[in-house]
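Written below as structure tokens is the structure these notes are about.
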Amino acid sequence: MRRSPDTRIVILGAGPTGLGAAYRLRELGHEHFHVYERADRVGGLATSYRDERGFTWDVGGHVQFSHYRYFDDLMTRSLGKAWLHHEREAWIWMERRFVPYPLQNNLHRLSPETRWKCVQGLVRLYKQPCVGRPAHFGEWIDATFGAGLAEAFMRPYNFKVWAYPAERLDYNWIGERVAVTDLERVLDNLLHDRDDVSWGPNNTFQFPCHGGTGAIWREVARLVGEERISLGREVVAVDPRRREVRFADGSATGYDVLVSTIPIVELVARAGLDELRPAAAQLLHSSSHIVGVGLAGRPPEALRRKCWMYFPEGDCPFYRVTVFSNYSPHNVPDPDAHWSLMAEVSESPHRPVAGCGVVAATLDGLRATGLLGPEHEVVSCWHRREPFGYPTPALGRDTALGALHRTLEALDIYSRGRFGGWKYEVSNQDHSLMQGVELVNRLLLDVPEVTYWFPAIANDMRYAKRPASERA
């Protein structure tokens, strides 16, 4: 149902989704809206911090890659030409060596024993393909990569990322996010001893020259109008009957439509919707520890062009490390005298992490994997734990989300975003912003949403980059 121009729209959260919704409301001339954010800054999980020593840190290894012309145009409007452009270099550290990502396309870099196990597993799959639909992500890994690649990389790495056993995950989130196996390409590269580093949708990306990823969302907030955004306003209760949001400072605001980007499980609790608690309990997530390490000097030659690296083995707690100073020289106090690494560690009940020891464990892991040597001087350590890091694509997720949305939307409450929508496959910055934009299009123009409800279509570049007028 198309909403009238005087509809009061309250937006909870000033991350990419909330700001996307607010930006689109301004663009369409809708005046009756306001954004409330718990933190002291905009950006959500896409914000940035500057530590006491002058190093800039993101909340994880964000890069700017887009499926949408609308998003591209907004990025240009927000930062103009203040972007740096990079060719992606993604690597895997295993067996005491760097291997280009994806592993299956670069088996020649591995030890002969591991190389043979990986090829043997692929050949056995070729001779006897798996039939039927896999029951979970673990079966999908085995059926797609074979026993050798599953044991060497896919299973250990995915446990470090998700912090849940593969048997607890579904696999319909995968799409473009995982390089599946092309046996002919694998063998061609192996026989010719050739590196293959071209795979992936984000083989080129852009990054802000100054201020980290958070600089983007500060500018988008400026375009929205800072008078439309209230910071430091934590939601303590939502009253769906009275259509009122109450905040920790004792204030309250009424609404006709509520757009929420806070974790949907917290929304259910704050709204007192006890009948939805069983469905909300089906949603799994992991927490994220981000550890930034600022260093004196210049990066070693082996790291000077690398963007990020994956770590499947057990000699370090992190699953990924970004050479963050390579993204922008302004991420460090003095690019002639400093460089930086940023590590990510996942936590869940299946993979507990002692927060008080994660920095020391990360430093030990950086040394164990050879990224840091005795010659490297650590001048700054920064740590942030995000309770909600990854929305886990657990078995039963979509059924649970369907039940939650049916009840919430009947109450004129719309939950979108990385954790508001809880769909990892459409939770990058571009997806998240477009969830907000498309929801506003639905509310004000009766245009159906695509990104949230049809992730496979949204992630199809043939669709997403077409002008809106050409989309069916």
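This one's a predicted model, so the numbers in the text were calculated from it and none came from an experiment.
Closest of all the heavy-atom pairs between Leu149 and Gln104 is CD1-CB, 3.6 Å. Residues Arg246 and Glu244 approach most closely at NH1-OE1, 3.3 Å, considering heavy atoms. The minimum heavy-atom distance linking Trp217 with Leu19 is given by the pair O-CD1, 3.7 Å. Ala150 approaches Ile141 most closely through the heavy-atom pair CB-CG2, 3.7 Å. The shortest heavy-atom contact between Ser325 and Val332 is CB-CG1, 3.8 Å. For the residue pair Trp453 and Lys423, the shortest heavy atom distance occurs at CA-NZ, 4.2 Å.
Checked for salt-bridge contact, Arg277 and Asp274 meet the test: a charged N lies under 4.0 Å from a carboxylate O. Under the 4.0 Å criterion applied to side-chain N and carboxylate O atoms, Arg305 and Glu89 are assigned as salt-bridge partners. Using a 4.0 Å cut-off between charged nitrogen and carboxylate oxygen, Arg233 and Asp249 count as a salt-bridge pair. For Arg384 and Glu386, the salt-bridge test passes: some basic side-chain N is under 4.0 Å from an acidic carboxylate O. Between Arg228 and Glu31, at least one side-chain N (NZ, or NE/NH1/NH2) sits under 4.0 Å from a carboxylate O, which counts as a salt bridge.
Both tests hold for Arg418 against Tyr390: distance to the six-membered ring centre under 6.0 Å, angle to the ring axis within 45°. In this structure, Arg351 fails the cation-pi test against Tyr164, since its NZ or CZ atom is not both closer than 6.0 Å to the six-membered ring centre and inside 45 degrees of the ring normal.
Not a single donor-acceptor pair under 3.5 Å links the side chain of Thr407 to the backbone N or O of Leu404. Remark: the backbone N or O of Val426 is not paired with any side-chain donor or acceptor of Asn459 at under 3.5 angstrom. Between the Thr17 side chain and the Ser432 main chain, a donor and an acceptor come within less than 3.5 Å of each other. A side-chain donor-acceptor contact under 3.5 Å links Ser328 to the backbone of Cys209. Proximity of a side-chain donor or acceptor of Ser346 to a complementary backbone N or O of Val161 within less than 3.5 Å is detected. In this structure, Thr392 contributes its side chain and Ala394 its backbone to no donor-acceptor pair below 3.5 Å. The closest donor-acceptor contact from the side chain of Ser48 to the backbone of Asp58 lies at 3.5 Å or more, if one exists at all. In this structure, the side chain of Asp51 engages the main chain of Phe55 through a donor-acceptor pair within 3.5 Å.
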For side chain to side chain contact (heavy atoms under 4.5 Å, CB included), just list the numbers for Val257 and Arg8, CA-CA rounded to whole Å, side-chain angles, deciding distance to a tenth of an Å, and then say yes or no.
CA-CA 6 Å; Val257 170; Arg8 296 173 301 163; over 6 Å; no
What's the verdict on salt bridge (Lys or Arg N to Asp or Glu O under 4.0 Å) for Glu227 and Arg26, showing C-alpha distance, side-chain angles and the deciding distance?
CA-CA 12 Å; Glu227 74 281 0; Arg26 285 301 294 263; 3.5 Å; yes
Show your reasoning for whether side chain to side chain contact (heavy atoms under 4.5 Å, CB included) applies to Arg397 and Leu395.
CA-CA 6 Å; Arg397 178 201 69 176; Leu395 294 169; over 6 Å; no
I would like to know whether Thr451 and Glu438 meet side-chain hydrogen bond (donor to acceptor under 3.5 Å, both in side chains); could you show each step before the answer?
CA-CA 8 Å; Thr451 296; Glu438 291 178 3; 3.0 Å; yes
Let's go through Arg416 and Thr261 carefully: what are the C-alpha distance in whole Å and the side-chain angles of both, what is the deciding distance for side-chain hydrogen bond (donor to acceptor under 3.5 Å, both in side chains) to 0.1 Å, and is it a yes or a no?
CA-CA 5 Å; Arg416 298 291 186 272; Thr261 72; over 6 Å; no
Are Arg155 and Glu139 close enough, and set up right, to give a salt bridge (Lys or Arg N to Asp or Glu O under 4.0 Å), and what steps lead you there?
CA-CA 10 Å; Arg155 281 184 172 271; Glu139 283 192 1; over 6 Å; no
Report the C-alpha distance between His32 and Thr7 in whole Å, list the side-chain angles of each, state the deciding distance to 0.1 Å, and finish with yes or no for side-chain hydrogen bond (donor to acceptor under 3.5 Å, both in side chains).
CA-CA 6 Å; His32 300 286; Thr7 300; over 6 Å; no
For Trp382 and Tyr49, what are the C-alpha separation, side-chain angles and deciding distance, and is it a ring-ring contact (aromatic ring centres under 6.0 Å, His included)?
CA-CA 10 Å; Trp382 179 84; Tyr49 296 86; 5.7 Å; yes
Determine, stepwise, if the pair Asp412 / Asp256 fulfils side chain to side chain contact (heavy atoms under 4.5 Å, CB included).
CA-CA 7 Å; Asp412 276 327; Asp256 297 313; over 6 Å; no
Stepwise, does the side chain to side chain contact (heavy atoms under 4.5 Å, CB included) test hold for Val321 with Glu344?
CA-CA 6 Å; Val321 173; Glu344 297 165 76; over 6 Å; no
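In this structure, Tyr157 has its ring center closer than 6.0 angstrom to the ring center of Tyr310. Remark: aromatic rings of Phe205 and Tyr327 are close, center separation under 6.0 Å. Annotation: Phe311 is in aromatic contact with Phe318 [ring centroid separation under 6.0 Å]. Ring centroids of Trp173 and Trp162 are separated by less than 6.0 Å, placing the two rings close together.
Put simply, CG on Asp182 and CG on Asn105 are 7.5 Å apart, with the number rounded to the nearest 0.5 Å. Atom CG of Leu79 sits about 10.5 Å away from atom CZ of Phe207, to the nearest 0.5 Å. The NE2 atom of His285 lies 14.0 Å from the CD1 atom of Ile264; values are rounded to the nearest 0.5 Å. Summarising the geometry, atom CE belonging to Met75 is positioned 13.0 Å from atom OH belonging to Tyr68; distances are rounded to the nearest 0.5 Å. The distance from atom NE2 of His405 to atom CG of Asp398, rounded to the nearest 0.5 Å, is 9.5 Å. For the atom pair Phe247 CZ and Arg38 CZ, the distance stands at 12.5 Å (nearest 0.5 Å).
Between Phe388 and Trp422 the shortest side-chain heavy-atom distance falls below 4.5 Å.
Below 30°, between 30° and 60°, or above 60°: for Phe137 and Trp140 the angle between ring planes is below 30°, a parallel geometry.
Across Leu443, Asp6, Leu444, Val440, a single residue satisfies side-chain contact (heavy atoms from CB on, under 4.5 Å) together with His30, and that is Leu444.
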